[in-house]
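Everything numeric here is computed off the predicted structure, so don't read it as measured data. Counting begins at 1 with the first residue of the sequence.
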Amino acid sequence: MLRTNQSFLAYAEMLYEQQERKEAIVMKQYAKGQRLLNQDEAASKVMLVKEGITKCFFTEGNEKEYILEFLGKGEIIGEIEFIRNIPCLCTIEAMTDVTVYAFSVSYFESLLKRDIGLNGILLNVFAERIVNTSSRASYQQLYTIEHSLTKLLDLQTKQSIKLSKEDMAAYLGVSVRSLNRGLKNI
């Protein structure tokens, strides 16, 4: 539900402290509700979340949103778009105040070419995403909305965040009407 990656965060912190050119990695702040990346637009930076929580979602042709993940400390953003040289696949929006390490594209590219440690971390990130996506899909098929909703409400409490009914429904892949029925049942 909330993805974090402490080893990637430690790696980014080390790079930030040791960088020779201070423009290679900069810290950027985003206020709650502000967008870090926009679907179908070009990304100018690859970012890693230092503090805060974001939501990663895409908007379908019918204007419905589907939340893929909630991303926290140590989660990377914009790397797939950089690697594949494509516009942003999803929108990333700050759910709390967020601080990121923003890597310049040229610096990230040089790291990919010369730093085997970064490549190993990225392989682990990609593998983790595949596992999470497939297990989430099977979970949504096997369990009731009420069960998934209970887990989502627990996440809200643990992280001290407030999700709107629309965000909860978008994350669970159901209509707000189905969500309301699930809330009523629990």
Side-chain angles (χ1 to χ4, degrees), residues 1-19 21-60 65-113 115 117-136 152 155-156 159 161 163-164 167 170-171 173:
M1 295 217 166
L2 175 63
R3 302 287 169 221
T4 61
N5 189 326
Q6 293 303 317
S7 62
F8 213 157
L9 181 58
Y11 173 81
E13 288 171 341
M14 185 249 335
L15 287 177
Y16 181 75
E17 294 301 322
Q18 295 177 356
Q19 69 180 323
R21 299 175 315 152
K22 294 298 180 190
E23 71 278 359
I25 305 172
V26 296
M27 250 191 271
K28 293 180 88 173
Q29 309 267 332
Y30 294 88
K32 179 181 178 179
Q34 196 172 2
R35 292 190 170 178
L36 290 72
L37 296 176
N38 288 301
Q39 183 175 330
D40 297 327
E41 293 181 8
S44 61
K45 302 271 187 204
V46 175
M47 295 178 263
L48 190 121
V49 178
K50 180 180 183 333
E51 291 288 334
I53 299 171
T54 65
K55 69 177 176 179
C56 173
F57 66 96
F58 63 89
T59 306
E60 293 287 351
E65 292 180 0
Y66 180 74
I67 297 175
L68 296 169
E69 290 295 346
F70 297 104
L71 306 172
K73 292 180 181 183
E75 287 296 316
I76 190 164
I77 301 165
E79 80 291 352
I80 292 171
E81 291 81 357
F82 166 75
I83 291 168
R84 298 201 53 216
N85 194 27
I86 58 174
C88 295
L89 297 168
C90 299
T91 298
I92 308 291
E93 184 177 301
M95 296 191 64
T96 64
D97 289 344
V98 172
T99 303
V100 299
Y101 290 112
F103 292 73
S104 71
V105 170
S106 61
Y107 182 62
F108 191 77
E109 181 176 29
S110 73
L111 286 173
L112 276 178
K113 289 179 180 177
D115 189 338
L118 173 63
N119 286 287
I121 291 171
L122 281 174
L123 280 174
N124 284 327
V125 165
F126 296 148
E128 182 74 17
R129 286 182 186 166
I130 291 168
V131 168
N132 290 338
T133 301
S134 60
S135 63
R136 182 170 168 208
L152 189 58
L155 171 69
Q156 278 192 111
Q159 297 298 322
I161 57 172
L163 297 176
S164 68
D167 280 351
Y171 182 75

Sequence-distant partners of [X], side-chain hydrogen bond (donor to acceptor under 3.5 Å, both in side chains), two or more places apart:
X	answer
E65	none
T99	Q29
D115	Y11
K55	D167

- Message: Can you tell me how far apart OG1 (T96) and CD1 (I53) are? Round to the nearest 0.5 Å.
- Response: 5.0 Å
- Query: salt bridge (Lys or Arg N to Asp or Glu O under 4.0 Å): which pairs involve residues 39-54, sequence neighbours left out?
  - Reply: E51-K73
- Could I get the full list of side-chain contact (heavy atoms from CB on, under 4.5 Å) partners for D97, not counting sequence neighbours? A31, K32
- Query: Quick one: side-chain contact (heavy atoms from CB on, under 4.5 Å) partners of E60, sequence neighbours excluded?
  - Reply: F58, N62
Show me the side-chain donor-acceptor pairs of residues 80-94 shorter than 3.5 Å, one per line, residues at least two apart or across chains.
residue: E81; atom: OE2; partner: L89; partner atom: N; Å: 3.0
residue: T91; atom: OG1; partner: Q39; partner atom: N; Å: 3.0
residue: E93; atom: OE1; partner: R35; partner atom: NE; Å: 3.4

- Task: Might you work through the salt bridge (Lys or Arg N to Asp or Glu O under 4.0 Å) test for E69 and R3, ending with a clear yes or no?
- Result: CA-CA 7 Å; E69 290 295 346; R3 302 287 169 221; 3.3 Å; yes
- Task: Say whether, by atom type as modelled, one donor and one acceptor occur between the side chain of S110 and the main chain of Y107 under 3.5 angstrom.
- Result: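 It does hold such a pair.
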- Could you pull out all residues at least two apart from Y16 that satisfy ring pair (Phe, Tyr, Trp, His ring centres under 6.0 Å)?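 By the ring pair (Phe, Tyr, Trp, His ring centres under 6.0 Å) rule, Y16 matches Y101.
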For a quick test of reading the model, state the closest non-hydrogen atom pair linking [X] to [Y] and the distance between them.
X	Y	answer
N119	L111	ND2-O, 4.3 Å
V105	S44	CG2-O, 3.4 Å
V49	G72	CB-O, 3.3 Å

- Any side-chain heavy-atom pair of F103 and L15 under 4.5 Å: yes
- Item | F108 side chain reached by L118 side chain, heavy atoms, under 4.5 Å | yes
- Message: If the condition is salt bridge (charged side-chain N to carboxylate O under 4.0 Å, His left out), which residues does K22 pass it with, not counting sequence neighbours?
- Response: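 Listed in chain order: nothing, the list is empty.
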